[in-house]
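Sequence lines set the chain letters: A, B, ... in the order given, protein chains first and strands last, and positions in each chain run from 1.
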Amino acid sequence: MEKILNAEKSGSFPRFGRRRSKLETSSFKLENFKPKEADENQITRSNLEHGVKRDHMLEQVDQFIENLASARDKSITPEIPDLVEQFLKMVDYRIGTYEMREASVMFGQNQEEDSMFFEAVNRLSKIVSNLDEFILDSETNGCFNRAGSILHHAMSLLENEFVALLDVWKRSCNVNIMDSKTPKIMDSKTPKTPKQSVFDSNPPEMEIEFPYFTSESISVMNRVATAMIFAGYQPECCVAYTSLRLKALDAEFCNQGYENINMEEFQRMEWASQEREIENWIHIVNYCTANLFPVERQLCNSIFEHASTAQRLFGDLATSLTIKLLNFPNALLLIKQYSTEKLFKFLDIYETLCELISGIGNDLSAKDLIPDTSITQRRIGEAAVSIFCELENSIKSDNGRIPVANGAVHPLTRYTMNYLKYACEYKDTLEQVFRQHNETEGSTEQEPKNATEGNGESISTSHFATQLRLVMDLLDANIDMKSNLYKEPSLRYIFLMNNGRYMLQKVKSSTDIFKVTGDDWSRKRSSDLRQYHKNYQRETWSKVLQCMSHEGLQVNGKVSKSILKERFKSFNAMFDEIHKTQCGWMVSDEQLKSELRVSISAVVIPAYRSFLGRFSSHLDTGKQQQKYIKYQAEEIEGLIDELFEGTVTSMGRRRHIHLSHGK
Amino acid sequence: MPATDYHASFLGRLSIRRNQVIAMDGNHEQELEDLELFSKHVSECFTELLSPPDDVPFDTLLSIPWLRKLLDVFLCCEAEFKAIIMMGNDSFQISKPPLDRLIPDLLDRSVKALDICNAVTNGLDSVRHYQKLAEIAASALEQKPIGDGQARRAKKALNSLMLAMSIDDKDCSAVKTTERSWSFSRRGVNKDRSPGHFRQVAKSWSAAKQIQTMACNLVPPRGAEASGLASPVYIMSVIMVFVMWALVAAIPCQDRNGLLATHFPVPKQLNWDQSIIGLHEKIGEEWKKKEKKGAAGLLAEMQKMEKLGHNLMEFTESFQFHGETDEKAAAHAAELAETCRRMEEGLLPLQVKIREVFHRIVRTRTEFLHALDQGGKSSAPLV
């Protein structure tokens, strides 16, 4: 196949009647266009004589073209040999025979015949383009006109065939027709690929993959396009290609479930339906970047040999489709307010757009699209930031006056921590989003803290980590505030322990969030928890321990029975009271619960045992002992183990992500 | 004065004012002055579009460069409008009457404008298609002398051009095709497709109706409101409706039936919008002519293309090869080629500008929604 010599001219096409540069004309070389003897020899015997004659004629024509091309003085009208007229007639005749055939299967019935036809058309193109350089007299002008006319005829034929092959719609509707009319030669010559089998099978459903072309039809389209471009009919070819491919790609979008979006209606939709469409959109964009665009580019490259033509055509198509795709995220930006849960969908979209941009970035032809795409992406990022900040607002504004019963984990803590844990699965994307946001804002106060420390801990300089810690600090402050709602200091500490423990456990259970918060946070949190624990011990049990103090029992060197009785009495009362109330308190974390019990036992039991051992003998055995020594040490231990169960039986902790914001 | 210089100085003045406003809250006189400045500037911008001063190069009404200028004016006015509304205690003003009612109305209108922008972007694909076909015809007929082949080539391209234009126009007037609706439910491939090249939003969607709904609740502020912030909201709304209306009139869009009926309720005593009314009337007259003739749109380049196309079509139909050059046809072909060249130059920047308008509308909407939300929060009593 000849190379395209003048295919691309800054988006325009070769114009006859204009003087061509020396370079272009001189590159027509005779040896490139020798008739292929092998092909000619395969012609059947009855045609042999005819073939020899034709060989002669073609040689003469080639010689004529060569002469035209090499002539220096284009003002001298060239002499046109009679053979050229004969050649024109032959081409005209051949066009006539091809015209009789069914569109879309015009070529491929006889390879040799096709080759001869394309070679003849190329010769004709050369005659026309070369003659065009000359000043012609009326006689040669007539010949030139005829040649031009026949060339146009040939080009119309080729264009029609190109359109017929390219029009997936027509073909898909006519699979039946094609099926019966597909020439045998195609079946016998090529092994059946799965793609092709659709044309032979019944019912004629389109099962082959996008873009639904057989390799045969692609190679015919390539041949046709090359011949058209060689003859200066590139615009026709490209116009047909662009409009039919746009149509086909639109249909493929529809096939994949994406249709043009109406902004106005979309923003009125329910979130549930919007969410479905987000999923669908992500599916489509991924399909485009992974599948549709590469396949389409491949198709374009295999039809158009000239790289810049192919690039431009594909670029136009990709631009049109991408603008359509971008309408969707833009429509999402119109919606008034997003609840915090929607963050993750936005991040999904953001990530998808990242991939789309990197897909475009690799493709020079669609570079124009990057600004449009990144504006959209940036806005989606901004939306994600503001949704995330909604979380901060909702924490700040959560100032209910009713404390959670039994000091249990506050729903806000659960919600926030689960949210953050889930958000950390997107930590890289969130990092990017917040960095972009802070760059746009240009504010210094948003700069990550600890940036100067720089002791190798990359977390400390992260924008997202800063944001995340801000949320955690807000949560801390809020929980602290809520803890003050408890009248009883012990319960307050239980509440603080419960919530703190919950946060710590959440952080420790996920490496993602642990990495973002950092070691320091966990250490600080653990030490806070220890402090709460100590405070609880002090608040609840120090008075109890005072009862068991060995001090102050003796009056005049003798153990006072009444004081002892009083001590036992008050211990029993205190312990019963604590047992009664604190059994109802709720510590849902098993470990924390057992830590608490163990530490209480460790303080109370030895003290009680020793108190009992030292002073029980001072009470009269029998009635008095029974009255004042209510519990044995073992019993106390058993009772301590009943603390913090909550009045309701504790429900097993939920494993799955639970974001309901129960108040 | 060039719009941009003015624009810059206007915003500069506002930003100085902004600082002052914080110092002396609610200075009504200065607010009035700003509003007057704004309406004066709007008036100047549109006057320039209607009849540019002598030192400014003249762009034909509804030509590509003119549309680009129109969109520039839109962007410029929009920025100033936002500056006025958001000035000082932004969220404070915006969540109080009458803005708390007028701004959401404006935002609804702006969403509708986005669909227009998308439809027009699609329409530009059609225009580009016409341009490609016209280029083929022009370059075939630029040959000297024209041969039978080239004449036929041109005729073929012109035929496709006229057909494409009339199909798109029919698409505009009556949608019979089973086009998709806007939703993207999964469904089988639709095989009964229209012969039109580029489809638009949804089958029932109508650019003309869209414009009409944008204009329908557009009421000039009355009484005390007329001197307050309600008036720039109204001005901005009129600008938005007008700009979208002009785009739809110029560029092929789905269903433009009854576009002319778009009514701008503008009281006579206002002077800022006399030029808008003038433009509206002028374009309206063009539209009336068009409806009789049937054309794809009022875009000046396209009208020219159509006219030259008709002439050249006649020429190619009666063409016989003499070996002579037809000067008249050659001149027409050269003019067509020139028109195509200008389209080649201008269409992409126009498209980029439309996208810019699109993104600007989205951004402003987000900002206003945010301000409304903040305002709503700050005015709500704390529990």
Any residue meeting salt bridge (Lys or Arg N to Asp or Glu O under 4.0 Å) with B/Glu317, in chain and number order, not counting sequence neighbours: none
Once rounded to the nearest 0.5 Å, what's the spacing between atom CD1 of B/Ile361 and atom CG of A/Leu333? 13.5 Å
One should read off an interatomic distance between A/Leu326 CG and B/His359 NE2, to the nearest 0.5 angstrom, of 7.0 Å
Using a heavy-atom distance cut-off of less than 4.5 Å, which residues of residues 349-357 of chain B contact chain A? B/Gln351, B/Arg355
Under a 4.5 Å heavy-atom cutoff, which of A/Met155, A/Arg146, A/Glu159 has the most pairs with chain B? A/Glu159
Are there residues of residues 106-114 of chain B whose heavy atoms fall under 4.5 Å of chain A's heavy atoms? If so, which? B/Val111, B/Lys112, B/Leu114
Do the side chains of A/Met263 and B/Phe358 get nearer than 4.5 Å, heavy atoms only? yes
Decide yes or no for B/Asn122 and A/Lys324: does some side-chain heavy atom of the first lie under 4.5 Å from some side-chain heavy atom of the second? yes
Measure the CZ-OG distance between B/Arg128 and A/Ser243 for me, rounded to the nearest 0.5 Å. 13.5 Å
I'd like to know whether A/His152 forms a side chain to side chain donor-acceptor pair (under 3.5 Å) with B/Asp148, so could you lay out the CA-CA distance, the side-chain angles of the two residues, the decisive distance to 0.1 Å, and finally the verdict. CA-CA 9 Å; A/His152 178 71; B/Asp148 281 323; over 6 Å; no
Candidate pair A/Glu236 and B/Lys156, rule salt bridge (Lys or Arg N to Asp or Glu O under 4.0 Å), full reasoning: CA-CA 10 Å; A/Glu236 276 92 340; B/Lys156 191 173 181 215; over 6 Å; no
Non-hydrogen atoms of chain B under 4.5 Å away: do they reach the side chain of A/Ile375, the backbone, both or neither? side chain
Is any side-chain heavy atom of A/Thr242 less than 4.5 Å from a side-chain heavy atom of B/Lys132? no
How about A/Glu279: does its CD atom have over 12 heavy atoms from other parts shown lying under 6.0 Å from it? yes
Could you walk me through whether B/Thr366 and A/Arg379 pass side chain to side chain donor-acceptor pair (under 3.5 Å), step by step? CA-CA 10 Å; B/Thr366 314; A/Arg379 297 262 173 87; over 6 Å; no
Smallest separation among heavy atoms of B/Arg153 and A/Gly232, with atom names: NH2-O, 2.8 Å
Contacts of type side-chain hydrogen bond (donor to acceptor under 3.5 Å, both in side chains), residue B/Arg365, not counting sequence neighbours: A/Gln267
OG1/B/Thr213 to CD/A/Glu264 distance, rounded to the nearest 0.5 angstrom? 6.0 Å
Is chain B contacted by the side chain of A/Ser156, its backbone, both, or neither, given a heavy-atom distance below 4.5 Å? both
Please report the shortest heavy-atom distance between A/Val239 and B/His129, naming the atom on each side. CG1-CE1, 3.5 Å
The interface call for A/Asn141 against chain B, heavy-atom contacts under 4.5 Å, is both
Nearest heavy-atom pair of A/Ser149 and B/Arg152: which atoms, and what distance? OG-NH2, 2.8 Å
For the residue pair A/Pro235 and B/Ile136, what are the closest heavy atoms and their distance? CB-CG1, 3.5 Å
What part of B/Arg363 gets closer than 4.5 Å to chain A, counting heavy atoms only: side chain, backbone, both or neither? both
